[in-house]
Amino acid sequence: MKDGFIKVASATPAIRVADCAYNASEIIRQARQAAEKGAQLVVFPELCLTGYTCGDLFLHETLLRGALDALGTVCAQTTDLNAALVVGLPFAFGGKLYNCAAVVCAGRIAGLVPKQNVPNYAEFYEARHFAPGVGLEPAPAKACGQDTVFGTGLLFQCPELPALTLGVEICEDLWVPDAPSAALAQMGATVIANPSASDEVVGKAAYRRDLVRGQSARLLCAYVYADAGFGESTQDLVFAGHNLIAENGALLTESRRFESGLCYADVDLGRLVHERRRMNTFETMEAPYVAELRLEPLEDDLADRYVPATPFVPTDKGALEERCQEILTMQATGLATRLRHARCKDAVIGLSGGLDSTLALVVTVHAFDMLGLDRSGILAVTMPCFGTTARTKGNAEKLAEAYGATLRVVDIKAAVDQHFADIGHAKDDLNVTFENGQARMRTLVLMDLANEVGGLVVGTGDLSELALGWATYNGDHMSMYGVNASIPKTLVRYLTAFEASRSGDGLREILLDVLGTPVSPELLPPKDGEIAQKTEELVGPYELHDFYLYYMLRWGYSPRKVFRVAQKAFAGQYDGATIKKWLVTFLRRFFSQQFKRSCLPDGPKVGTVTLSPRGDWRMPSDAVSALWLAEAEAL
């Protein structure tokens with residue numbers, strides 16, 4: 001396990017009912033197959049050594065001895081595997097018979113966990129054979145000639161993999177209101193294994209999937225669900241082998257039903273540990289017994305983990321459209337509420353013809369429509385200066401007209417020239433003063449026009465710019481309400497595209513041209529009429545910076561871990577040197593530019609990552625980046 005990742009597997013062997021020796025051989029075969037692929041936890045179905053559908057044969061000593069012999073065989077033939085196995089079998093203890101899961105590692109039985117909730121309704125009649133394992137304190141036990149422990153509340157930890165703590169519940173345990181996994185997670189289990197034999201009926205797969213996903217979300221854990229399948233008796237039931245692996249509410253993988261085999265996932269245990277530390281409502285308790293697992297860390301390849309290159313943007317088209325609609329509504333609702341509170345019927349926007357200001361205009365239009373206000377109360381101000389191109393100025397004018405806003409053109413060249421003369425700045429010196437003087441003049445114009453009409457200045461800057469500090473302090477950095485404050489640049493693009501997709505032909509063409517325009521502050525003179533200052537050539541690709549931002553802030557990834565997952569996400573698009581270069585830039589700028597974020601205007605939070613100093617991100621402006629930069633530069 002490196003950087004908190006571990007490969008896990010959910011297995012469905014093709015079994016034979018009551019043929020314990022055969023079943024053991026299939027379990028061993030799949031265990032070896034999984035271990036060869038790097039899986040360090042392999043979960044098998046409930047009662048898989050005997051078969052779940054043995055009926056009254058469970059009361060026969062012959063079957064119980066056969067199950068223990070088969071478990072002994074599994075132990076003996078997996079001593080060389082660097083993996084923990086969870087295997088189901090019937091086990092007699094204290095004069096009663098229990099439906100158990102044995103946790104086997106390096107040939108040793110680390111513990112036996114009994115099923116607590118034994119179903120006896122509809123097609124289930126487990127109470128005929130098994131006692132419920134409720135409230136059984138961990139106690140010494142003998143199995144296969146080994147000293148082990150039997151009882152509920154057992155946890156299994158690996159000293160070499162400190163983020164791995166395993167808890168086990170069995171099938172029906174998940175389906176009850178007070179699932180044992182809740183207490184196991186509070187005791188520290190980061191992974192819950194569920195050996196199951198859930199028969200298939202119409203509609204049950206979706207419900208099962210929701211249960212597993214939901215439990216992993218509530219418990220901030222990884223949940224590995226292994227289901228019985230081919231070979232179980234079909235006398236009255238059919239088993240589909242529906243295996244599922246989820247992590248904190250996300251389904252990482254699931255098997256095709258009605259097939260045997262293995263499915264894998266690379267689980268991020270470090271992310272789970274971080275999230276539990278972050279959420280102070282996740283209460284902990286002491287475990288009654290912790291057994292040791294003997295595992296050695298592996299250099300995993302993350303082959304079974306999907307890492308999206310745009311974590312802020314859903315990959316499913318339907319989900320993306322739903323997300324875009326939801327976000328636009330949230331932004332517009334935030335602005336509408338502020339306008340109503342301030343009793344404003346007018347809003348002022350600096351409309352450049354670029355992406356951010358276009359989205360801000362779209363949001364303002366929706367807010368005005370919510371309030372039933374005339375769109376003419378939106379004062380769209382375009383302020384051409386030294387770097388403005390005909391393309392962006394033209395798009396700004398067309399957008400204002402298409403949306404029914406009031407257009408105001410304020411050429412600020414003369415005002416900026418006068419300002420430069422006042423402070424003694426040479427006009428041909430294209431330094432930071434040359435750039436920022438224009439940005440601050442635009443903000444001055446907007447603020448004064450807002451006073452003139454009794455309106456509110458709507459900010460246009462986005463989350464990515466705030467993270468990088470790519471904003472002029474008290475220039476485009478400032479407004480009276482920043483509608484894009486928690487929208488990263490990658491998402492700004494999709495929101496604008498979504499608006500275009502549902503607009504009429506004329507407006508759609510304008511929005512598409514805005515999308516096709518290079519991102520630029522347009523503060524330096526154009527070359528041959530084209531934009532000369534392209535932001536991504538200066539600070540790096542926004543898709544990389546948004547990726548860094550998401551994983552560093554949302555999940556607390558170290559620079560090394562960010563770099564590693566970025567290599568997977570952007571394989572074939574950016575090489576390691578490029579990813580490292582812009583990661584160093586991101587870290588340097590993120591730390592040095594906090595002072596701009598410490599005094600941000602109000603704006604709505606719409607996602608899990610924001611930089612509001614009043615909400616999700618509190619960081620001193622003089623925090624030192626040395627630790628993070630040292631790790632990044634050493635990559």
Side-chain angles (χ1 to χ4, degrees), residues 310-314 319-342 344-352 354-373 375 377-380 399-400 402-405 446 450 455-467 471 476-503 507 511 514-515 542 546 549-550 597 600-617:
T310 53
F312 290 104
V313 182
L320 176 58
E321 291 180 352
E322 182 179 345
R323 178 78 57 85
C324 287
Q325 178 61 66
E326 183 179 22
I327 290 173
L328 286 173
T329 302
M330 292 173 70
Q331 289 178 278
T333 300
L335 178 57
T337 304
R338 180 54 54 90
L339 287 168
R340 176 180 288 168
H341 174 76
C344 284
K345 296 184 178 179
D346 296 273
V348 179
I349 300 178
L351 191 60
S352 68
L355 266 177
D356 290 344
S357 64
T358 296
L359 179 59
L361 175 61
V362 169
V363 171
T364 305
V365 166
H366 292 323
F368 268 56
D369 290 349
M370 280 182 179
L371 296 172
L373 297 176
R375 293 182 183 182
I378 303 172
L379 180 58
L399 281 168
Y403 277 115
L446 294 174
L456 181 149
V457 176
V458 178
T460 62
D462 64 50
L463 179 64
S464 307
E465 292 176 343
L466 293 174
D476 53 313
H477 156 265
M478 189 49 58
S479 67
M480 296 176 183
Y481 195 77
V483 294
N484 295 337
S486 64
I487 312 295
K489 187 75 77 176
T490 47
L491 189 54
V492 169
R493 181 169 296 279
Y494 281 93
L495 289 168
T496 307
F498 174 72
E499 177 73 5
S501 70
R502 59 180 187 171
S503 299
L507 178 56
L511 291 170
V514 169
L515 284 164
Y542 273 118
D546 285 357
L549 175 66
Y550 177 80
R597 301 187 290 266
L600 286 177
D602 293 354
K605 173 180 177 177
V606 302
T608 56
V609 178
T610 73
L611 291 169
S612 167
R614 297 166 298 277
D616 290 62
W617 188 249

Task: Gap between atom OH of Tyr403 and atom CG of Leu361 - 0.5 Å precision - done: 6.5 Å
TODO: Could you tell me whether the side chain of Thr358 reaches within less than 4.5 Å of the side chain of Leu399, counting heavy atoms only?
DONE: yes
Task: Closest heavy-atom pair and its distance - Ala405, Ala380 - done: CB-CB, 4.4 Å
- [ ] Mind checking the CG-OG spacing from Leu600 to Ser486? Nearest 0.5 Å is all I need.
- [x] 11.0 Å
Open item on the list: Can you tell me how far apart CD (Gln325) and NE2 (His366) are? Round to the nearest 0.5 Å.
Closed with: 7.0 Å
TODO: Considering non-hydrogen atoms only, spot the tightest contact between Ser503 and Leu511 and give its length.
DONE: OG-CD1, 3.9 Å
Task: Heavy-atom neighbours of Phe498 CZ exceed 12 at 6.0 Å - done: yes
Task: Partners meeting salt bridge (charged side-chain N to carboxylate O under 4.0 Å, His left out) with Asp462 (sequence neighbours left out) - done: Lys489
TODO: For Pro314 and Leu320, work out which heavy atoms get closest and say how close.
DONE: CD-CD1, 3.7 Å
TODO: For the residue pair Pro601 and Met478, establish whether any side-chain heavy-atom pair is separated by less than 4.5 Å.
DONE: yes
Open item on the list: Tell me if the CZ atom of Arg340 is crowded by more than 12 foreign heavy atoms within 6.0 Å.
Closed with: no
TODO: Please determine which of Asp356, Asp546, Thr490 meets the side-chain hydrogen bond (donor to acceptor under 3.5 Å, both in side chains) test together with Ser464.
DONE: Asp546
Open item on the list: Using the rule given for side-chain contact (heavy atoms from CB on, under 4.5 Å), can you reason through Leu328 versus Val363, listing the C-alpha separation, both sets of side-chain angles and the distance that settles it, and then say yes or no?
Closed with: CA-CA 6 Å; Leu328 286 173; Val363 171; 4.1 Å; yes
Task: Backbone of Ala360 reached by a side-chain donor or acceptor of Thr460 within 3.5 Å - done: no
Task: Smallest separation among heavy atoms of Gly350 and Ser357, with atom names - done: O-CB, 3.3 Å
Open item on the list: List the residues meeting side chain to side chain contact (heavy atoms under 4.5 Å, CB included) with Leu373, not counting sequence neighbours, and say none if there are none.
Closed with: Lys345, Phe368, Leu371
Open item on the list: How close do Ala402 and Leu507 get, counting heavy atoms only, and between which atoms?
Closed with: CB-CD1, 3.9 Å
- [ ] Output every pair passing salt bridge (Lys or Arg N to Asp or Glu O under 4.0 Å) with a member in residues 359-370, not counting sequence neighbours, ordered by first then second residue.
- [x] Asp369-Arg375
Open item on the list: Tell me if a side-chain donor or acceptor on Glu465 pairs with a main-chain N or O of Ala471 at a distance below 3.5 Å.
Closed with: no
Task: Within residues 319-338 or reaching into it, pairs that qualify as salt bridge (Lys or Arg N to Asp or Glu O under 4.0 Å) - sequence neighbours excluded - done: Arg338-Asp602
Open item on the list: Check whether Arg597 reaches the backbone of Leu466 with its side chain - one donor and one acceptor, N or O, closer than 3.5 Å.
Closed with: yes
Open item on the list: Assess the residue pair Gln331 and Ile487 against the criterion (side-chain contact (heavy atoms from CB on, under 4.5 Å)); give the C-alpha distance rounded to whole Å, side-chain angles, the decisive distance to 0.1 Å, and a yes or no.
Closed with: CA-CA 10 Å; Gln331 289 178 278; Ile487 312 295; 3.6 Å; yes
Open item on the list: Which residues pass the ring-ring contact (aromatic ring centres under 6.0 Å, His included) test with Tyr542, not counting sequence neighbours?
Closed with: none
- [ ] Looking only at non-hydrogen atoms, find the nearest pair between Pro488 and Leu463 and report the distance.
- [x] N-CB, 3.7 Å
- [ ] Can you sort out the partners of Thr333 under side chain to side chain contact (heavy atoms under 4.5 Å, CB included), two or more places apart, ordered by chain and number?
- [x] Thr329, Thr337, Met370
- [ ] Mind running side-chain contact (heavy atoms from CB on, under 4.5 Å) on Phe312 and Val609 for me, showing each step along the way?
- [x] CA-CA 9 Å; Phe312 290 104; Val609 178; 3.9 Å; yes
Task: Student check: side-chain heavy atoms of Leu456 and Leu335 closer than 4.5 Å - done: yes
Task: Evaluation steps, side-chain contact (heavy atoms from CB on, under 4.5 Å), between Leu379 and Asp346 - done: CA-CA 7 Å; Leu379 180 58; Asp346 296 273; over 6 Å; no
